[in-house]
Every structure is written in C-alpha cells, then in structure tokens.
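Structure, as structure tokens:
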2 protein chains.
Amino acid sequence: MKKIKVKKGTILQRKGDINTKVYYVEKGLLRSYTIDEKGKEHIYMFGPESWLVTDNCDSKDPCQLFIDAIENTTINVASKKEVLKQDPDLNPILRRLNKMQNRIVMLMSSSAKERYEHFIKTYPNITQRVPLKMIASYLGITPEALSRVRNELSKKK
Amino acid sequence: MKKIKVKKGTILQRKGDINTKVYYVEKGLLRSYTIDEKGKEHIYMFGPESWLVTDNCDSKDPCQLFIDAIENTTINVASKKEVLKQDPDLNPILRRLNKMQNRIVMLMSSSAKERYEHFIKTYPNITQRVPLKMIASYLGITPEALSRVRNELSKKK
DNA sequence: ATCATTTCTTGATGTAAATCAAGGCATAGG
DNA sequence: CCTATGCCTTGATTTACATCAAGAAATGAT
C-alpha cells in the first residue's frame, strides 16, 4: 500500500492490463470506463474522495476497464491480494462483482440483439427453462422486442 | 443454515421485508426482481443450481427485491451474518454491491430523466466537478439528450 | 488579449424499441 | 373432450433517444 499523487489526465490502468491494483482515493477524482467498438466511452464509475476504484476481475486476468484521473488526485495503491487477505470465501463475492460489472457495461452500451446474444452465451441452459418474457424482463426489453430479435437471428443462420 | 424445499411459485421475499436471508440454490431455479410504479417486473437475476440469491442490502434495512421460485427448488437458507462472519472489512464491498444493484435496476427500468435525477441525488457534489458529457456517459445517454433533460428540469421549477 | 480547443446548446432528422392490438398455439383444469 | 388462461408472434403506430450539424459560450495556451 503506497501513496502516490497523479496529475489530471494520468492513465492509471488500460484495458487488457493484468495484475491490476485497487485505488483508494484520498483527494481528487478518478474515473473508470470502457471504450466500445465504435470508440465511444462509457463511464463505469466515478471515484471521489474515500472511494475505492478497481476493476472487479481476478488479478491474473486481463482487465476490462480504463482508469484515469479527472483531477489532480492523491491515491493509495494496493494489490488485490492485500485487500482481500487471501480469503477464499470471498471468491464468490468477487465473481459476483465481476458479473455485475459486466452487466452494467452491457446495459449502458449494447443493443437488444447484443444483450440477447450475450445472455444465451452466459446462460445457455436457462434459456430452455424460463419463458421468453422473463428473459426479456432480465434484458430490460419487452417480450415483443425479444421475439423479433430472435426471429432475426434465426433467419441469419 | 437450514435446507428447505419450495414449490414453483413460492414467494420467499417481498420488497420491504427486513432481515432478509441469503439463499443458496441446490436444485431448481429462483429469480429476484423489482416491480416498478407501472406494475412492470424487472428481473434482477436468475438463480439456478449453485447460485447465491440475495438482496444486497443491510440486514436491518427494508429490501428492494422480490424473490420467488420459478421451479420447484431446494435451497439452503442462511442469515447474512452467518455468511459475512461479522467481518467489518467487508462492509465497503457490501455497500458497493448495493450500489451496483441499484444501478442495474435503474438502467433496466428508468428513463433518461429519472436516471439523471437519481444521479444528482446520489452524487450532488460530483455534478459540479465533471463535464456534462461525462455524466451523460455514466448515465448511458448522449450529451445532447442530457442537455435537453436538464433544460426541461430547470423549466419545471 | 488572441486564438484554439473543448464544452454546451439547439434544431432537424432518423431509428430502435415501446406500446397497442389482434390472432394463433399451447398447456392446464374442469 | 372442450374451454380458459397464459404465452408467443406479427403488424401498425408512437415515442424516446440517437445522430448529424451548426453555432455560442467557456476554458486554456501562447
């Protein structure tokens, strides 16, 4: 855990980095965000004073988020291991954080079709077990819209 | 931690309940969801085999989610205290889970205006510190749309 | 102060998805 | 078996928001 000061505009983490850190903001403002295929930024969170900013991924996996400083900022940097104290019981919670992060990014940036495609990849087995209208409700779209998306996808093949 | 079996359709938790539990799904399928002002359901998550389903709120606060069984389901019920082992270091993580849960529900069910209103309530101080286009990016809308929303809100007052 | 860059606003137009509505299939219950 | 209820699809219309475009205001650099 070491304290550093960074100037406005400094990039602390890029998408794809591994062994990413946890940043505790003492003063200033960080932001984490993704950049989609069209080059558009989607801010995942702001990190003002006293906030913890990090990518909720395993420290050995490539991360998904960029993190940079919106203001001159004083932060404490820690490794994920330090923060988590090697407690294996925390892993389910981390996996969940990671899933939630993905979902937020998805909801902010994807079309109905993309969301559905992602859903069937992530939960292939559930698709058969629940009515279509519940999947629509999970995706944040109407049953009609999902029906049309499906229709279109089946034609394509 | 006790094991119970519930039939398809059983409601395990209603919005507003306090001291809500953690459900570990052994077999079957649960779902958690909200119901908005218009009576529309928004599924927050599905809980198939081996998943943990819970409302990420403090056990003394009224919860936001309904939880029910989509299939006949065998679950292990635990209190939140049991699961968290009274570890105070986990509180920041829980607060974060709660924030993420709120954000997901918000992204699924709210209009641009509602999201913005929620944002200024949640981060009143940040509004002054970041350019409008970043707030738009956080809300998942365009800067133009946010500009118009703001315009409208200022007229109303 | 001047010029350049970025930010915000406003208008016109386009589009994805919502809403409204109706018909066809199932499945379940009598 | 028949009927009722819920589920899915399809079409017509509406709407919220995106996109495109241009100008005004603010911010920063020299």
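The sequence lines fix the lettering, A, B, ..., with proteins before strands; numbering per chain opens at 1.
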Side chain of A:K133 - closest among D:dC8, C:dT10, C:dC8: D:dC8
Length of the CD-C1' vector between A:E41 and C:dT7, whole Å: 14 Å
B:K133 and A:E41 ion-paired at < 4.0 Å: no
Electrostatic pair A:E144:A:R150 at N-O distance under 4.0 angstrom: no
Separation of D:dC17 C1' from A:M108 CE (nearest whole Å): 17 Å
Interatomic distance where OH belongs to B:Y116 and C1' belongs to D:dC17 [whole Å]: 17 Å
Gap between atoms CZ and P, on B:R129 and D:dT27 respectively (whole Å): 17 Å
Passing candidate, side chain to side chain contact (heavy atoms under 4.5 Å, CB included) with B:L30, options B:D68, B:I70, B:L12: B:L12
Salt bridge B:D36-B:K38, side-chain N to carboxylate O under 4.0 Å: no
A:I70 CD1 - C:dT6 P separation (whole Å): 17 Å
Atom-pair distance (CG on B:L132; C1' on C:dT6), nearest Å: 13 Å
Grab the N/O contacts between the protein and nucleotides 15-18 of chain C below 3.5 Å, and write none if there aren't any.
| from | atom 1 | to | atom 2 | distance (Å) |
| --- | --- | --- | --- | --- |
| C:dA17 | OP1 | A:A112 | N | 2.7 |
| C:dA18 | OP1 | A:T142 | N | 3.3 |
| C:dA18 | OP2 | A:T142 | N | 3.3 |
| C:dA18 | OP2 | A:T142 | OG1 | 2.8 |

Criterion side chain to side chain donor-acceptor pair (under 3.5 Å) against B:N56, the qualifying member of B:K80, B:Q64, B:Q101: B:Q101
Integer-rounded Å distance: D:dT10 C1' and A:N151 CG: 9 Å
Name of the residue among B:K3, B:K2, B:E26 meeting side chain to side chain donor-acceptor pair (under 3.5 Å) with B:N76: B:E26
Rounded distance in Å - CG (A:L153) to C1' (D:dT9): 16 Å
Toward the 5' end of DNA chain D, by each residue's nearest nucleotide, A:K38 or A:S147: A:S147
